[in-house]
There are 2 protein chains.
Amino acid sequence: MIAFEEELRRYPNTGRFLAGRLRHSMSQDERLRLEDMVSAVVHHEAGDRIIARGNTCDNSTMLVEGFMVRTLESNGKRSIVSFHVPGDFVDLHCFALKRLDHNIDCIGPATVAQVPHDRIKATMADDPHLSRLLWFSTLLDAALHREWIMKLEQLTTPRRIAHIFSEIGCRLGMVGLGRPDGFDTPLTQSDVADMCGATAIHANRAFADLRRRDLLIFERGRVHIPDCAELHAYADFHPDYLYGEGDLALETEDA
Amino acid sequence: MIAFEEELRRYPNTGRFLAGRLRHSMSQDERLRLEDMVSAVVHHEAGDRIIARGNTCDNSTMLVEGFMVRTLESNGKRSIVSFHVPGDFVDLHCFALKRLDHNIDCIGPATVAQVPHDRIKATMADDPHLSRLLWFSTLLDAALHREWIMKLEQLTTPRRIAHIFSEIGCRLGMVGLGRPDGFDTPLTQSDVADMCGATAIHANRAFADLRRRDLLIFERGRVHIPDCAELHAYADFHPDYLYGEGDLALETEDA
DNA sequence: AGCGCAACCCAACTAATGTTAGATGTCTAC
DNA sequence: GTAGACATCTAACATTAGTTGGGTTGCGCT
C-alpha cells in the first residue's frame with residue numbers, strides 16, 4: 001500500500017485508470033477497496049512479456065499506461081488474440097486458471113499495477129459484489145473474443161482493420177483517453193496484421209485501401225480518423241459488446 | 001431439488017455429466033453442492049434458442065445431453081463462435097453479465113439442468129472455492145475462444161474443420177462420451193461452415209479434401225476418424241488449452 | 001409410390017489473400 | 001556519418017475462398 005501511494009504520487013495517472021472499464025459499476029467505496037488491493041506499480045519496456053503461457057503467477061496485473069496484447073504461438077507464427085488499453089485488468093484470468101494458456105506482451109512501454117492473488121482470495125471470501133465485478137471483467141474479455149471471432153468470420157481485411165481501430169478508439173474514449181479525430185499507438189502494421197490473421201503485406205494493402213477511402217490514415221503510430229461514424233459503418237462496428245453505455249450495459253444492482 | 005431428483009431418475013445421464021469439465025477439480029462434497037443448485041431439468045427441440053442476445057435471465061443452464069452453439073448475427077449473417085458438449089455450463093456468463101451479448105441455440109434436441117441465479121449468489125457468498133471453480137469454468141470458455149481466434153488467423157478451411165472435429169472428439173472424450181474412431185453429431189456441413197467463416201460450398205470442398213486424405217469422413221451426422229493422431233497433426237491440434245490433463249491443467253488446491 | 005425439402009455434391013468463374021522479391025524511408029548504435 | 005535494423009510500400013504471380021448455377025441423395029409426409 002505505502003509503495004503504491006508513493007507511486008501514485010509519482011505517476012498521477014495510476015489511480016485515474018484503475019479499473020477504467022468497471023468504474024461505472026463500482027461504488028466509491030469499492031473503488032477504494034480495489035485500490036487497496038494493489039501492492040506495487042511496475043514499469044515495463046516495449047516488447048516485455050508480462051506473463052508467458054504455461055507459467056503460474058502470484059499476482060494479477062492491471063494496465064495503467066500503455067498497450068498490451070495477448071498472443072498465442074503455433075509453428076513459430078504469432079497470433080494476437082486481443083489487446084488491452086489502460087484501465088483493463090489484463091490477467092485476472094491467471095487467478096482462476098493458474099496456468100495461463102497465452103502470453104501477455106507489451107506493445108510499447110507500459111505501467112502496471114500488481115494485485116497479489118492472496119488479496120483477491122480475501123476479496124472472494126469477504127466481498128461477493130466486488131468478486132462479481134472482477135468476474136464480470138474477465139467475462140468482458142470473453143465477449144470481446146466472441147465479437148472478434150465473428151469479425152474474423154465475416155469481414156475482409158480492410159474491414160477487420162477498420163473494426164480494430166474503431167474498437168481501440170472507443171475503448172480509449174471509455175477511459176477518458178480518446179480524441180475525436182484519432183489516437184497514437186505503438187502498434188505497427190505488422191502487429192495489426194497479426195491481429196487480423198493477414199500477412200503484413202496484405203495488411204499494408206488494406207491500409208492503403210482505407211487511406212484511399214479517407215476512412216483511416218495510419219502512419220508510424222499516428223492514427224487519424226476523419227469521420228468516426230463512417231469508419232464504424234464501414235467496419236460494421238456496434239460498440240454494445242464493450243458493455244459501456246449501450247443496450248447490454250451492466251446493471252449496478254447489488255449481488 | 002425434488003424435481004431434479006425425479007428427473008435424475010428418469011434421465012440417468014443427468015447426474016453423470018453435471019459439470020463434466022470440472023469434475024477432476026471438484027471434491028465429492030462440492031459435486032453434491034453443485035447438484036443441489038439445480039432447480040429443474042428441461043428438454044429442448046432442435047433449433048430452440050435457449051437465450052437470445054440482450055435478454056436478462058434468472059437461470060443459468062448446464063448442458064446435460066445434446067449439442068449447443070453460441071451465435072452472433074450481423075447483417076443477417078450467422079456466425080457460430082463456440083459450441084458446447086454435455087457437461088458444459090453453457091451460460092454461466094449471464095449471471096455476471098446480466099444481458100448476454102450472444103445467443104445460445106440447440107443443434108439437435110437437448111436436455112439441460114437449470115440453476116437459479118439466487119443459488120449462485122448464495123454460493124458466491126458462502127463458498128469461495130466453488131465460486132472460483134464456477135469462475136474457472138467461464139474462463140475456460142475464454143481460453144477456447146482464444147484458441148479459436150488463433151486457428152481462424154492461421155489455418156485454411158480444411159485444417160479449421162479438422163481442428164473443430166479434433167476438439168469435439170476430445171471434449172466428448174473428456175466427459176466419457178468419446179469413441180476412438182469418431183462420434184455422431186447433429187451438426188450439418190452448413191453449421192460447420194458458419195463455425196469456420198466459410199461458405200457451405202467451400203466447407204463442402206474442404207470436407208471432400210479431408211475425405212480424400214482419409215483424415216475425416218463426415219456423412220449425415222456420422223463422423224469417422226480413421227487415425228486421430230494424424231487428424232490432430234494435420235489440424236495442428238494440441239489439447240492443452242482444454243485444461244484437461246495437459247500442461248495447463250487446473251490444480252486442485254483450495255481457495 | 002410419389003412429392004417436397006434439406007443436406008450434400010460439383011464445376012466454372014471471380015475476388016480476396018498469400019508469396020516472393022524487391023525499393024524506400026527512419027531511427028539507433030557505434 | 002555510416003551501417004544495420006526495422007517499418008513501410010509496391011508489383012507480379014500463386015493459392016485459397018466466394019459466387020453462381022446447377023445436380024444428386026436421403027428422408028419424412030401424404
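Every value quoted in this text rests on a predicted model; they were computed, and no experiment measured them. A note on names: the letters A, B, ... follow the listed sequences, proteins ahead of strands, and every chain is numbered from 1.
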B/D194 CG to C/dA7 P, in whole Å, measures 11 Å
What's the closest nucleotide to the B/T156 side chain, out of C/dA16, D/dA17, D/dG18? D/dA17
When the distance from CD of B/Q189 to P of D/dG26 is rounded to whole Å, what number comes out? 14 Å
Whole Å only: how far is the CG atom of A/L155 from the C1' atom of C/dA16? 13 Å
Which is more 5' along DNA chain D, the nucleotide nearest A/T188 or the one nearest B/I201? Just name the residue. A/T188
Upstream residue (5' side of DNA chain D) when A/E153 and A/S190 are each assigned their closest nucleotide: A/S190
Taking B/Q114 for its side chain and B/V42 for its backbone only, find out whether a donor-acceptor pair lies under 3.5 Å. no
Determine yes or no for a side-chain-to-main-chain donor-acceptor pair under 3.5 angstrom, with A/H43 supplying the side chain and A/P109 the backbone. no
Roughly how far apart are A/L139 CG and B/L97 CG, rounded to 0.5 Å? 4.5 Å
What is the separation between atom CD on B/E219 and atom C1' on C/dA6, rounded to the nearest whole Å? 17 Å
Does B/N204 place a side-chain N or O at less than 4.0 Å from the phosphate oxygens OP1/OP2 of C/dC9? yes
B/R220 side chain: which of C/dC8, D/dA17, C/dG18 is closest? C/dC8
If you only use heavy atoms from C-beta on, which nucleotide in D/dT8, C/dT19, C/dC8 is closest to the side chain of B/F218? C/dC8
Give me the atom names and distance for the closest heavy-atom approach of B/R53 to B/N103. N-OD1, 2.7 Å
Side chain of B/T157, heavy atoms from C-beta onward: which of C/dC8, D/dA17, C/dC10 has the nearest atom to it? D/dA17
Atom CD1 of A/I217 and atom P of D/dT8: how far apart are they, to the nearest Å? 15 Å
Under the criterion side chain to side chain donor-acceptor pair (under 3.5 Å), which of B/R78, B/H44, B/R49, B/R70 is the partner of B/D105? B/R49
Between C1' on D/dT16 and CG on B/L152, what's the gap in Å once rounded to a whole number? 15 Å
Testing D/dT10, C/dC8, D/dA17 for proximity to the side chain of B/R205, the answer is D/dA17
Which of these nucleotides, D/dA17, D/dC9, C/dT17, is closest to any side-chain atom of B/H202? D/dA17
Nearest-Å distance for atom pair CZ/C1', residues B/R159 and D/dT15: 13 Å
